[in-house]
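Excluded from the calculations below are hydrogen atoms, water molecules and symmetry mates; all remaining heavy atoms, backbone and side chain alike, are included. All values derive from a computational prediction rather than experimental measurement.
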Amino acid sequence: MSNNRSSSFVGGLLIGTAIGAISGVLLAPKSGKETRRVLNKSLQAMPELAEDISSNVQLQADRLSESSLRNWDATLKRLREAIAAGVVASQLEQERLNRADSAETPSNSVTDRITQPRE
């Protein structure tokens with residue numbers, strides 16, 4: 001969850017920076033020549049900004065991938081343990097049923113009780 005928050009924060013920060021820069025340039029009380037010069041400098045800085053954003057996104061994706069792998073490994077471990085416990089419980093129940101069947105006398109079986117007349 002903290003990765004999601006930091007990603008949202010970084011994304012909001014970058015969007016806010018871009019909106020602030022554009023608003024500042026458009027609303028600044030400068031002449032057209034000065035504004036064009038500022039815009040030109042901003043455009044020249046775009047490739048560097050895009051590279052920074054790209055590397056930041058890649059870093060966040062790597063962190064998310066690592067976190068997902070850790071979570072998946074833990075989930076897979078718990079699932080294997082649950083399956084093993086289910087197998088053991090099933091075997092124990094089967095043994096219990098086998099013991100109960102072998103301890104039962106032939107006249108107590110379901111078939112015998114159905115076919116024998118009641119006394």
K77 meets the side chain to side chain contact (heavy atoms under 4.5 Å, CB included) criterion, sequence neighbours left out, with E81
For L59, the side chain to side chain contact (heavy atoms under 4.5 Å, CB included) test, sequence neighbours excluded, returns R63
Reported [atom1]-to-[atom2] distance for the pair [X] and [Y], which is rounded to 0.5 angstrom:
X: S65; Y: Q58; atom1: OG; atom2: CD; answer: 9.5 Å
X: Q94; Y: L97; atom1: CD; atom2: CG; answer: 6.0 Å
X: R99; Y: E95; atom1: CZ; atom2: CD; answer: 6.5 Å
X: N71; Y: L76; atom1: CG; atom2: CG; answer: 12.5 Å

By salt bridge (charged side-chain N to carboxylate O under 4.0 Å, His left out), E93 pairs with (sequence neighbours left out) R96
Going by chain and number, the hydrophobic cluster around L92 (ILVMFWY, side chain to side chain under 4.5 Å) further includes V88
Residues joined to I19 in its hydrophobic cluster, side chain to side chain under 4.5 Å directly or through other members, sorted by chain and number, are I15
Donor-acceptor contact present, side-chain S102 to main-chain N98, <3.5 Å:
yes
In short, L13 meets T17 closest at the heavy-atom pair O-OG1, 2.7 Å
Please report, to 0.1 Å, the donor-acceptor pairs under 3.5 Å made by any side chain of residues 40-49, with sequence neighbours excluded.
from	atom 1	to	atom 2	distance (Å)
S42	OG	V38	O	3.0

